[in-house]
Amino acid sequence: MKREADIRAAGGSIAVVGLGTALFARGFRESTKYTGPLFVDREGLAYKAVALGRLRAWNLFSFRMLRNAWKARREGFRQGKVEGDPWQLGGTLVVAPGDRLLFAWRNQNADDDAPIDDVIAALRGARA
């Protein structure tokens, strides 16, 4: 995962929650080389609990999405079999002990990721 060392240096750790089955999770591990905690949420309860949005059909054809899809393809990434809800968007949360939510990012598109510097700043703020 990108900048995992920076996240750990700021006092954080990473856990991934995904839709789908255990077989899908195994494929995710193989394709990303992620070795940390990985949870499967087949019903999407975690996504609903933190009010993560849903992809809209018109977002699939935006210039940004097409550009990023082309870039990913050039870098060797291929879309595999879709499991779970293909319209469910993701997000990034920074949660501190005591269930304190320090940072929340709710993706607006499929290619929308939290600014990693903001995640690291939230982690650093939790240690202060």
Side-chain angles (χ1 to χ4, degrees):
M1 307 222 99
K2 288 184 180 179
R3 299 195 50 199
E4 185 172 356
D6 294 337
I7 290 169
R8 292 193 186 289
S13 60
I14 298 172
V16 173
V17 178
L19 295 170
T21 64
L23 182 62
F24 176 74
R26 193 173 312 121
F28 175 83
R29 282 197 188 282
E30 290 170 5
S31 67
T32 63
K33 309 298 185 228
Y34 176 69
T35 59
L38 175 58
F39 303 94
V40 177
D41 178 14
R42 295 183 77 168
E43 290 80 35
L45 299 176
Y47 292 77
K48 292 174 187 158
V50 295
L52 296 179
R54 301 187 51 76
L55 184 64
R56 305 291 184 227
W58 60 82
N59 293 52
L60 292 174
F61 303 105
S62 71
F63 175 75
R64 178 181 157 182
M65 284 284 288
L66 294 171
R67 182 191 69 218
N68 288 342
W70 175 253
K71 180 181 174 188
R73 187 157 181 82
R74 274 195 345 244
E75 293 175 4
F77 295 99
R78 301 291 182 266
Q79 176 66 46
K81 181 182 175 196
V82 175
E83 288 226 12
D85 181 352
W87 302 101
Q88 179 63 61
L89 291 169
T92 302
L93 305 175
V94 175
V95 182
D99 295 332
R100 292 181 300 129
L101 183 62
L102 304 177
F103 176 86
W105 176 274
R106 290 167 179 85
N107 293 13
Q108 299 298 309
N109 291 300
D111 65 342
D112 184 29
D113 292 319
I116 193 67
D117 290 331
D118 292 354
V119 171
I120 292 168
L123 288 167
R124 288 186 179 134
R127 291 190 331 187

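Between D6 and I116 the shortest side-chain heavy-atom distance does not fall below 4.5 Å.
A search for salt bridge (charged side-chain N to carboxylate O under 4.0 Å, His left out) contacts involving D118 returns nothing, not counting sequence neighbours. Partners of A15 by side-chain contact (heavy atoms from CB on, under 4.5 Å), not counting sequence neighbours, listed by chain and number: P37, F39. Under the rule for a side chain to side chain donor-acceptor pair (under 3.5 Å), the partners of R54 that lie at least two apart in sequence or sit in another chain are D85. Considering only residues two or more places apart in sequence or on other chains, D41 meets the side chain to side chain donor-acceptor pair (under 3.5 Å) condition with none of them.
Distance alone, capped at 3.5 Å, is enough to place a donor-acceptor pair between the Y47 side chain and the V17 backbone. Side chain of R106 to main chain of L89: no donor-acceptor pair is present (N/O by atom type, distance under 3.5 Å, no hydrogens or angles).
Here CG of L38 is found 12.0 Å from CD1 of I14. Values are rounded to the nearest 0.5 Å.
Residues P86 and L55 approach most closely at O-CD2, 4.4 Å, considering heavy atoms.
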Donor-acceptor contacts, no H, no angles, side chain residues 23-30, under 3.5 Å, sequence neighbours left out:
residue, atom, partner, partner atom, Å
R29, NH1, Y34, O, 3.0
R29, NH1, G36, O, 3.0
R29, NH2, G36, O, 2.8

Could you go through residues 92-105 and list every donor-acceptor pair under 3.5 Å that involves a side-chain atom there, pairing it with any protein atom two or more places apart or in another chain?
residue, atom, partner, partner atom, Å
R100, NE, P97, O, 3.4
W105, NE1, N107, OD1, 3.3

